[in-house]
Amino acid sequence: MNKTQLPESTGNGFLNNPQNRAIIYQVIALLFVIFLAYYFTNNMFENVEKRGITTGFSFLDDVAGFGISQTLVEYSDATSSYYDVFVIGLLNTLLVSVIGVVFASVLGLLIGVGRLSANYLISRLSLVYIETFRNIPILLQILFWYNVVLASLPSPRQSFSYFDSFFLNNRGLLTPEPIFESGSGFIFTAVILSIVGVFFLARWAKKRHDLSGEEFPIFKVSVAILVLSPVLVYFVTGQPIGAEYPELKGFNFKGGITIIPELLALIFALSIYTATYIAEAVRAGIEAVPPGQKEAAKSLGLKDHVILRKVVLPQALRVIIPPVINQYLNLVKNSSLATAIGYPELVTLFSGTTLNQVGQAIEIILMTMAVYLTISIVISLVLNWVNAKMAIKGR
Amino acid sequence: MKLTKIALLLGISALVPNLANAGTLEEVMKKGTLNCGVSTGIPGFSATDSKGVWKGLDVDLCRAVASAVLGDADKVKYIPLTAKERFTALQSGEVDLLSRTTTWTATRDTSLGLNFAGVNYYDGQGFLVTKKLGVTSAKELDGATFCIQAGTTSELNLTDYFKANSMEYKAVTYDTSGQTIDGFKKGRCDAVTSDASQLYGLRQKMDDPSATIVLPEIISKEPLGPVVRQGDDAWFNIVKWTMFATLEAEELGVTKSNVDAMLKSENPSIKRLLGTSGKAGENLGLKSDWAYKIVKNVGNYGESFDQHVGKDSPLMIDRGLNNLWNKGGLMYSMPVR
């Protein structure tokens, strides 16, 4: 608030002082909001009471007693509680969101860059892609991919089989499940140590580059370290990781890990749809970088991909990140459309099935809203932090 | 100035009493239409025909209540609800009556603020499979995947049944019965489980109904009936006695076609039912010809049954338990007197 903008006070009265009045209005507005919130809550509880609807969160301890097609943690339909259902729904939502965000980001970046490519075919194809998938409602796309996935895949008995360990059918993609025996701990240690090693290597290489200008093949060396050291430890410790292969028994496969078609369809739809918006953000970001930057880099003799990676994208990110935050939030929230194809995420399981089985709408909807609110706030905090890091530092 | 006006308006609206709880009858009469919650499309119970007109056994109940209250069976606004939407819609007052293949269970009756007004169809949960699967009994379904509608009692019974028989299963749960049967059609699951009556209906939606069979096992009791909000006894009575009136009419042989002639009947039971004697209608807060209107506009229970799910319908479901008490079934009207 700019104090010099306020008009001179016209009298000596307390209320005639514009500053006091501004504060009074705000306080009144706040009181009004509090009153409304109180009134609505009170009204709700009164109505609920009057209709004899049970309230409270004690239902969370009751046995749920229904089956769930995909659970990341242990779940038994005969003993697990509604609280477990809540956790499973939450984890499944997070699973879809994380995978979706990664895919959408990679795809969005590629298409966004492709859109500005000098290659006519690439840029036109990117344009067609963006315009097509951005303009079709996400729900239709989810249903489309689900039906395509289901219609094109064979029944379990006629599965596509790869090396007798991967199977693809209309019940999902089946892969062997790793079994960790004693000694597998060493392998995890090796993985963690190599990640730490690569981290320090990267810092050393950057420093050396800053000082001497010499390039170090950091990517190739890192990959070598990350792959070779765990593999080495694996053989040294006597191959402690086995696998359980899926086997056809009766109607369905047993054993192994099943990636259900609902998950595949949902990730397909969400990442393809969200990528179009990210691509446009990327394009806007790149176009916002002054052409002089590119020309200057070119005159230094840098190759095109180096210019993109080291000159253009770091500057473009400042423009790209804020709209991309929104797209990540949208993706998380759109994942609730899964209810149309029966993917067991939070809305389907908790504010769908659970709500209907126990009927406690208010508690369940409040919990569901709290979850989405929390996820959204976390995403936005993290990305705003990244954005602040990327911002031009004043000197 | 504007702000004070808005504040005043909101302040006044805050003083207005809460959402009306009692008085559904007055409200329906004032609106002139009955808001009836039905399914999103279960053949035989509530589904639209090729002209977009709602038809079915549950729809007939809506029509019967509208006839009794408003004297016109067509003054019904149908609100299609999925299984998981139905109770909230009723609790919040979006519908006046829920007539949607809903199983009467203890939890629903006691903890949701709802009342079941009776049973208009005695059902049981069954299984629908393709003949190709080569299964003739539900006991052979160990390890099978089921398509099922979310938030139904079927979902819970399935767990109980497989637990009791030490078998395993996988469930894919969909929002609507249409999606459920679609999943089955496309081979996402080996079997559909739902109330047997619905399975016969859903079977008609298959490209080749004869390629599927409903297994003989019935694994649960599913008494289906209309539901109203708790705490409005007058309305509860109306729905309850509308259902009884359709049963009583069948028992007394009063049909859509002979109801006018029956007005002159000397049978005291018929006279009480059709309002030519007694005060059944007035006691319900309705006109004395309430039951006459029901039978005239909609027909008796037997007629509805035959037309929508029974022998005159594509479903051809046997009356079985749904026959009248004096013909070997469970349907029994409390005496109208």
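Just so you know, these numbers use all the heavy atoms, side chains as well, and skip hydrogens, waters and symmetry mates. So that the names make sense, note that chain A is the first sequence line, chain B the second, and so on, each numbered from 1.
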Side chain, backbone, both or neither: which part of [X] has a heavy atom under 4.5 Å from chain A?
{"X": "Thr180(B)", "value": "neither"}
{"X": "Lys186(B)", "value": "both"}
{"X": "Thr82(B)", "value": "neither"}
{"X": "Cys147(B)", "value": "neither"}
{"X": "Leu141(B)", "value": "both"}
{"X": "Glu155(B)", "value": "both"}
{"X": "Leu158(B)", "value": "neither"}
{"X": "Glu140(B)", "value": "backbone"}
{"X": "Tyr169(B)", "value": "side chain"}

Please check this pair: side chain of [X] against backbone of [Y], looking for a donor-acceptor N/O pair closer than 3.5 Å.
{"X": "Asp77(A)", "Y": "Gly65(A)", "value": "no"}
{"X": "Arg171(A)", "Y": "Gly187(B)", "value": "yes"}
{"X": "Asp96(B)", "Y": "Asn35(B)", "value": "yes"}
{"X": "Asp232(B)", "Y": "Thr24(B)", "value": "yes"}
{"X": "Asp84(A)", "Y": "Ser81(A)", "value": "yes"}
{"X": "Asp58(B)", "Y": "Thr101(B)", "value": "yes"}

_Out of the candidates Tyr174(B), Phe184(B), Phe162(B), only one should pair with Phe146(B) under the ring-ring contact (aromatic ring centres under 6.0 Å, His included) rule; please name it._
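Per the ring-ring contact (aromatic ring centres under 6.0 Å, His included) rule, the option paired with Phe146(B) is Phe162(B), out of Tyr174(B), Phe184(B), Phe162(B).
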*Should Leu270(A) and Ser335(A) count as side-chain neighbours, where that means a heavy-atom distance under 4.5 Å?*
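In short, these two side chains touch, coming nearer than 4.5 Å.
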Heavy-atom distances under 4.5 Å only: say whether [X] touches chain B with side chain, backbone, both or neither.
{"X": "Glu262(A)", "answer": "side chain"}
{"X": "Tyr343(A)", "answer": "neither"}
{"X": "Ile341(A)", "answer": "backbone"}
{"X": "Thr339(A)", "answer": "both"}
{"X": "Leu153(A)", "answer": "neither"}

*Is there a side chain to side chain donor-acceptor pair (under 3.5 Å) between Ser92(B) and Glu94(B) once you walk through the steps?*
CA-CA 6 Å; Ser92(B) 63; Glu94(B) 194 187 336; 4.7 Å; no
Just so I understand: if I count every heavy-atom pair under 4.5 Å between each of [options] and chain A, which residue has the most?
{"options": "Gly143(B), Ala144(B), Ala150(B)", "value": "Ala144(B)"}
{"options": "Ala171(B), Ser111(B), Cys189(B), Gly183(B)", "value": "Ser111(B)"}
{"options": "Leu133(B), Val135(B), Thr88(B)", "value": "Leu133(B)"}
{"options": "Lys170(B), Lys163(B), Lys185(B), Gln179(B)", "value": "Gln179(B)"}
{"options": "Thr105(B), Asp190(B), Leu114(B), Thr173(B)", "value": "Asp190(B)"}

*asked:* Tell me if the OH atom of Tyr162(A) is crowded by more than 12 foreign heavy atoms within 6.0 Å.
replied: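 Buried by this count: over 12 neighbours within 6.0 Å.
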*Is it true that atom OH of Tyr83(A) has more than 12 heavy atoms of other residues, nucleotides or ligands lying nearer than 6.0 Å?*
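Result for OH/Tyr83(A): open.
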Choice from [options] maximising heavy atom contacts with chain B below 4.5 Å:
{"options": "Gly172(A), Ala340(A), Ser155(A)", "result": "Ala340(A)"}
{"options": "Asn147(A), Leu143(A), Thr354(A)", "result": "Asn147(A)"}
{"options": "Ala64(A), Gly67(A), Ser351(A)", "result": "Gly67(A)"}

*Pick one: which of Val192(B), Ile219(B), Val214(B) meets side-chain contact (heavy atoms from CB on, under 4.5 Å) with Phe127(B)?*
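Only match with Phe127(B) under side-chain contact (heavy atoms from CB on, under 4.5 Å): Ile219(B).
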*Going through the distances and angles, do Glu217(B) and Ser137(B) end up as a side chain to side chain donor-acceptor pair (under 3.5 Å)?*
CA-CA 7 Å; Glu217(B) 279 88 354; Ser137(B) 156; 2.6 Å; yes
